[in-house]
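What follows is a set of notes on a single structure, which appears directly below.
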Amino acid sequence: MQNSFPTTTDKKLFKKCYAYTRADDVKAEGIYPWFRPIQESEGPVVHMEGRPIVMAGSNNYLGLTAHPSVKEASIKALEKYGTSCSGSRYLTGTIDLHEELERRLAKFVGKESALLFSTGYMTGQGVIQPLVGRGDYILSDKDNHASIVSGNLMARGGMNTNIIRYKHCDMGDLERRLKQIPAEAGKLIVTDGVFSTFGNIADLGQISKLAQEYDAQIIVDDAHAFGVIGEGGRGTASKFGLKDEVDLIVCTFSKTLASIGGFVAGEERVINYLKHHSPALIFSASPTPASVASALAALDIVEAQPELVTKLASNANKVRKGLIDLGFNVIPGETAIVPVIIGDDHQAFHLWKGLFDAGIFVNVFIAPATPPGKAMMRNSFMASHNDEHLDFVIDTYAKVGKKLGIID
Ligand SMILES: Cc1ncc(COP(=O)(O)O)c(C=O)c1O
């Protein structure tokens with residue numbers, strides 16, 4: 001029987017899809033590093049292709065996805081409330097656990113109120129657009145996460161808001177831009193607290209000074225800062241002692257909080273406004289009972305065991321130092337992210353393959369996630385890695401790096 005599917009040439013818009021072969025070419029070489037399925041996970045060790053692999057690329061920063069009490073809370077919630085809330089928070093999708101988690105998160109980060117979203121990405125999208133309008137200005141760091149970029153674009157498309165992307169962490173550029181904006185215009189400075197690719201920390205001290213001087217509000221995305229920096233893992237504002245100066249903290253559950261979802265925390269009046277004006281909240285189903293319960297149980301652990309935050313820092317620092325001592329081009333830092341610049345895409349793919357074959361999984365980032373010619377291994381560590389895991393990572397980098405001529 002002849003099939004009736006159209007031939008590939010029939011669809012004008014899809015021509016680029018049919019012509020796209022870059023991923024297939026890398027796959028054919030056996031060095032394709034993405035979309036690799038995990039068959040089982042204990043946190044620091046996962047099973048892939050039927051064998052144990054040390055995970056050195058996860059955002060499960062405090063290792064809580066495998067914690068027995070987090071898993072148990074998730075199962076109990078599933079049994080009590082079912083698998084889904086089947087509606088948005090606005091209508092039938094609010095359960096008591098959403099409100100409990102909002103109260104707990106607000107208290108933890110030192111804000112009056114908080115609001116949950118279904119993912120961190122939706123939080124970034126859902127918070128920016130309702131707060132700005134025609135004639136307002138968003139000043140956004142060039143390296144901000146895609147969720148912020150998407151929120152900015154929605155603000156520009158829907159509200160005709162002016163978007164200014166200032167040079168990455170360049171406070172001189174930010175000030176220059178602020179100076180050019182009419183004094184009476186509304187201004188919103190948005191920055192990642194810890195930048196997700198290179199793991200560097202925003203200069204919140206300077207951002208806050210400029211915000212005061214030029215009458216701007218501040219949003220900080222703490223996805224990679226929550227549970228990682230600040231007092232007991234309270235994030236970037238806490239690290240800089242600027243809890244009150246940062247107007248809104250947006251964050252995800254998909255890293256330290258061992259779940260899926262996101263939240264924004266700030267003044268009660270602002271959160272109340274967002275609650276009634278954010279399309280990402282109003283027109284999308286709420287986070288599932290199991291994911292809210294696991295985030296709550298993870299938060300219990302973050303509060304009760306601040307030593308996990310210290311352990312995470314010492315684990316990441318151990319590997320950072322080990323790789324620097326070996327001669328790798330490591331971007332210095334103090335967060336859980338340890339980026340190793342390789343340069344050439346192919347060299348990075350080969351290093352990835354060598355590490356994977358030896359039993360380690362790390363992430364490869366290439367342009368446009370990095371500047372062109374700056375392909376890198378994005379290593380990230382967990383509080384639950386032990387010395388044996390970390391030594392294995394350092395020793396394997398040494399062996400594979402030497403074999404490929406990346407280090408001497
Ligand atoms: C800085 C930053 N913001 C937001 C997000 C989105 O979070 P989620 O995975 O919950 O959508 C991420 C996740 O990669 C992130 O790195």
Side-chain angles (χ1 to χ4, degrees), residues 34-35 55 57-62 64-65 89 98 101-102 105 109 114-129 138 140-154 165 168-169 189-202 204 207 218-230 233 235-237 239 246 248-265 278 280-281 284-288 290-292 294-296 298-299 333 335-339 362-365 368-370 376 378-382:
W34 300 306
F35 296 97
M55 173 51 75
S58 172
N59 298 317
N60 178 16
Y61 291 133
L62 298 186
L64 301 181
T65 60
R89 290 293 307 285
H98 290 123
L101 183 54
E102 284 170 347
L105 285 168
V109 298
L115 181 64
L116 305 192
F117 286 75
S118 300
T119 65
Y121 197 97
M122 289 169 70
T123 314
Q125 271 195 341
V127 166
I128 294 173
Q129 189 210 330
I138 297 173
S140 181
D141 188 291
K142 264 203 168 143
D143 280 10
N144 275 344
H145 188 260
S147 52
I148 306 284
V149 175
S150 167
N152 294 344
L153 291 176
M154 287 171 73
R165 294 173 70 218
H168 177 52
C169 285
I189 303 175
V190 193
T191 184
D192 285 7
V194 170
F195 289 88
S196 52
T197 303
F198 294 117
N200 53 317
I201 303 173
L204 209 50
I207 289 177
I218 305 174
I219 296 183
V220 173
D221 183 337
D222 257 355
H224 299 275
F226 188 99
V228 179
I229 59 172
T236 317
K239 178 181 169 63
V246 169
L248 292 169
I249 296 168
V250 298
C251 193
T252 174
F253 301 166
S254 67
K255 303 176 196 316
T256 289
L257 287 172
S259 185
I260 183 157
F263 74 93
V264 54
S278 174
L281 180 93
S284 187
S286 57
T288 67
S291 52
V292 180
S294 44
L296 257 171
L299 182 59
T335 65
I337 301 167
V338 181
V362 301
N363 293 303
V364 182
F365 281 16
T370 64
M376 60 173 250
R378 182 190 179 277
N379 307 283
S380 49
F381 294 91
M382 306 179 205

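In what follows, every heavy atom counts, from backbone to side chain, and hydrogens, waters and symmetry copies are set aside. We count ligands from 1, going down the list as the structure has it; atoms in each ligand are counted the same way.
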Any idea which atoms of ligand 1 are less than 4.0 Å away from a heavy-atom of [X]?
X	answer
Asp192	1 (C)
Ala223	1 (C), 2 (C), 3 (N), 15 (C)
Ser254	8 (P), 9 (O), 10 (O)
Ser196	16 (O)
Thr252	7 (O), 8 (P), 10 (O)
Ser147	3 (N), 4 (C)

Candidate list [options], test side-chain contact (heavy atoms from CB on, under 4.5 Å), partner [X], passing option:
X	options	result
Phe226	Leu62, Val194, Leu257	Leu257
Ser147	Ile128, Thr123, Asp221, Thr252	Asp221
Ser140	Ile189, Asn152, Val149, Ile219	Asn152

Point to revise | Distance-only N or O hit between ligand 1 and Gly120, under 3.5 Å | key: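 Right, the criterion is met.
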Practice item. Indicate, as side chain, backbone, both or neither, the part of His224 found under 4.0 angstrom from ligand 1 when only non-hydrogen atoms are considered. Key: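 Side chain only; the backbone of His224 stays clear of ligand 1.
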Exercise for review: Measure Thr119 to ligand 1 on non-hydrogen atoms and call it side chain, backbone, both or neither using the 4.0 Å cut-off.
Suggested key: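 Thr119 to ligand 1: contacts from backbone and side chain alike.
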Backbone N/O of [Y] and side chain of [X]: donor-acceptor pair under 3.5 Å:
X	Y	answer
Asp222	Ile249	no
Thr236	Ile229	no
Thr335	Gly199	yes

Heavy-atom nearest neighbour in the protein, as seen from [atom], with distance rounded to 0.1 Å:
atom	result
atom 13 (C) of ligand 1	Lys255 NZ, 2.9 Å
atom 11 (O) of ligand 1	Tyr121 N, 2.9 Å
atom 3 (N) of ligand 1	Asp221 OD2, 2.6 Å
atom 5 (C) of ligand 1	His145 CE1, 3.3 Å

Review point. Quick one: OG on Ser254 to CG on Asn59, what's the gap to the nearest 0.5 Å?
Key: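 Answer for the OG-CG pair, Ser254 versus Asn59, is 6.5 Å.
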Point to revise | CG-CG distance between Leu101 and Leu115, expressed to the nearest 0.5 angstrom | key: 11.0 Å
Practice item. Could you please spell out the steps behind the side-chain contact (heavy atoms from CB on, under 4.5 Å) verdict for Ile337 and Phe195? Key: CA-CA 9 Å; Ile337 301 167; Phe195 289 88; over 6 Å; no
**Study point:** His145 side chain to Tyr121 side chain, donor-acceptor N/O pair below 3.5 angstrom
**Key:** no
Review point. Under 4.0 angstrom from ligand 1, any heavy atom of Gly261?
Key: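 It does, in that a heavy atom of Gly261 comes within the 4.0 Å cut-off of ligand 1.
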Review point. For Met122, is the nearest heavy atom under 4.0 Å from an atom of ligand 1?
Key: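 Checking ligand 1 against Met122, which is what was asked, there is no heavy-atom contact under 4.0 Å.
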